[in-house]
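Down below is the structure, laid out as C-alpha cells.
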Amino acid sequence: KNKAPPPTLEETSERMGKRGSTIDQKIAKLDKELAGYKKQLKVAKGSAKASIMQRAKAVLQRKKMYEKQRDQLGQQQFNMDQQAFMIESMKDTTETVATMKSTAKVMKKE
C-alpha cells in the first residue's frame, strides 16, 4: 500500500487557521441574529417577548460554543506553530554546528 505522507505542521496549522475563520464567520452571523432579537425585544410584549428571549438564549448558547471551539483551535494552532519553530531552530543549530566543524577542518589544514 502506498500511503500518502502525513501533512506537515505548516499544512495542518494552515488548515486549522481556515477552520478558525469559518468559525469566526459563524459567530458573526450569530451576532447579527442576536442584534435582530435585541431590536425585537424592545417592542415585544408578553408571550412574544418570552419566545424571543428563548430564541435569543439558544443563539447565545451556540455562540458561546463556537467561541470555545475557536479558542481551543487557536491554542492547538499556536502549539503546532511552536513545534514547527522548534524544529526549524534545531535544523538551524545542526547546520551551524556542521558549518563550524567543516570550517575548523579547513583551518587546521592551512
Side-chain angles (χ1 to χ4, degrees):
K1 276 186 180 178
N2 286 341
K3 287 187 177 181
T8 64
L9 287 174
E10 289 84 9
E11 291 169 341
T12 303
S13 178
E14 184 178 323
R15 191 174 73 245
M16 289 175 131
K18 289 177 184 176
R19 282 180 40 208
S21 296
T22 301
I23 291 173
D24 284 337
Q25 290 171 357
K26 289 178 181 181
I27 291 171
K29 184 178 174 185
L30 292 175
D31 281 337
K32 286 181 184 178
E33 194 173 338
L34 284 169
Y37 288 141
K38 190 174 183 179
K39 286 180 185 177
Q40 291 175 13
L41 281 172
K42 288 180 182 179
V43 295
K45 303 225 188 276
S47 64
K49 190 171 188 170
S51 174
I52 295 168
M53 284 290 283
Q54 285 297 102
R55 287 183 281 175
K57 284 180 183 179
V59 170
L60 195 56
Q61 285 177 333
R62 282 200 318 258
K63 179 184 172 188
K64 287 183 179 184
M65 178 194 69
Y66 284 136
E67 288 173 337
K68 187 175 179 181
Q69 287 176 355
R70 179 192 59 198
D71 293 345
Q72 288 174 340
L73 197 59
Q75 186 60 44
Q76 288 174 342
Q77 186 178 12
F78 174 77
N79 291 341
M80 294 191 84
D81 290 343
Q82 285 295 102
Q83 287 179 341
F85 179 78
M86 286 177 22
I87 289 170
E88 288 300 316
S89 293
M90 288 172 38
K91 287 179 183 177
D92 291 342
T93 301
T94 303
E95 287 177 13
T96 301
V97 169
T99 302
M100 290 171 74
K101 283 182 180 179
S102 66
T103 303
K105 286 181 184 177
V106 169
M107 290 174 68
K108 284 182 182 178
K109 288 180 182 178
E110 292 182 7

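Computed over heavy atoms, backbone and side chain alike; hydrogens, waters and symmetry mates excluded.
Shown here for V59 and E33, the closest heavy-atom pair between the two residues is CG2-OE2, 3.2 Å. Of all heavy-atom pairs between L34 and A56, the closest is CD2-O, 3.5 Å. What you find for A44 and I52 is that their closest heavy atoms are CB-CD1, 3.7 Å. Between S13 and D81 the shortest heavy-atom distance is OG-OD1, 2.7 Å.
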Residue pair V106, K109: steps toward the side chain to side chain contact (heavy atoms under 4.5 Å, CB included) verdict: CA-CA 5 Å; V106 169; K109 288 180 182 178; 5.9 Å; no
Criterion side chain to side chain donor-acceptor pair (under 3.5 Å) on D71 and Q75, from CA distance to verdict: CA-CA 6 Å; D71 293 345; Q75 186 60 44; over 6 Å; no
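Annotation: side chain of N79 is not in contact with side chain of Q76 (no heavy-atom distance under 4.5 Å). Looking at Q40 and Y37, their side chains come closer than 4.5 Å, going by heavy atoms from C-beta outward.
Separation of atoms CE (M53) and CG (L60) is listed at 10.0 Å; rounding is to 0.5 Å. The NZ atom of K91 sits 9.5 Å away from atom OG1 of T94, with the distance rounded to the nearest 0.5 Å. Note: I27 CD1 to E67 CD = 5.0 Å, rounded to the nearest 0.5 Å. Atom OG in S47 sits 12.0 Å away from atom CD in Q54 (nearest 0.5 Å). Remark: Q77 CD to K18 NZ distance equals 11.5 Å, nearest 0.5 Å. Rounded to the nearest 0.5 angstrom, T103 OG1 and K101 NZ are separated by 12.5 Å.
Linking ILVMFWY side-chain heavy atoms closer than 4.5 Å, directly or via other members, places F78 and I87 in two distinct hydrophobic clusters. No continuous path of hydrophobic side-chain contacts links M86 to M16 [ILVMFWY only; heavy atoms under 4.5 Å].
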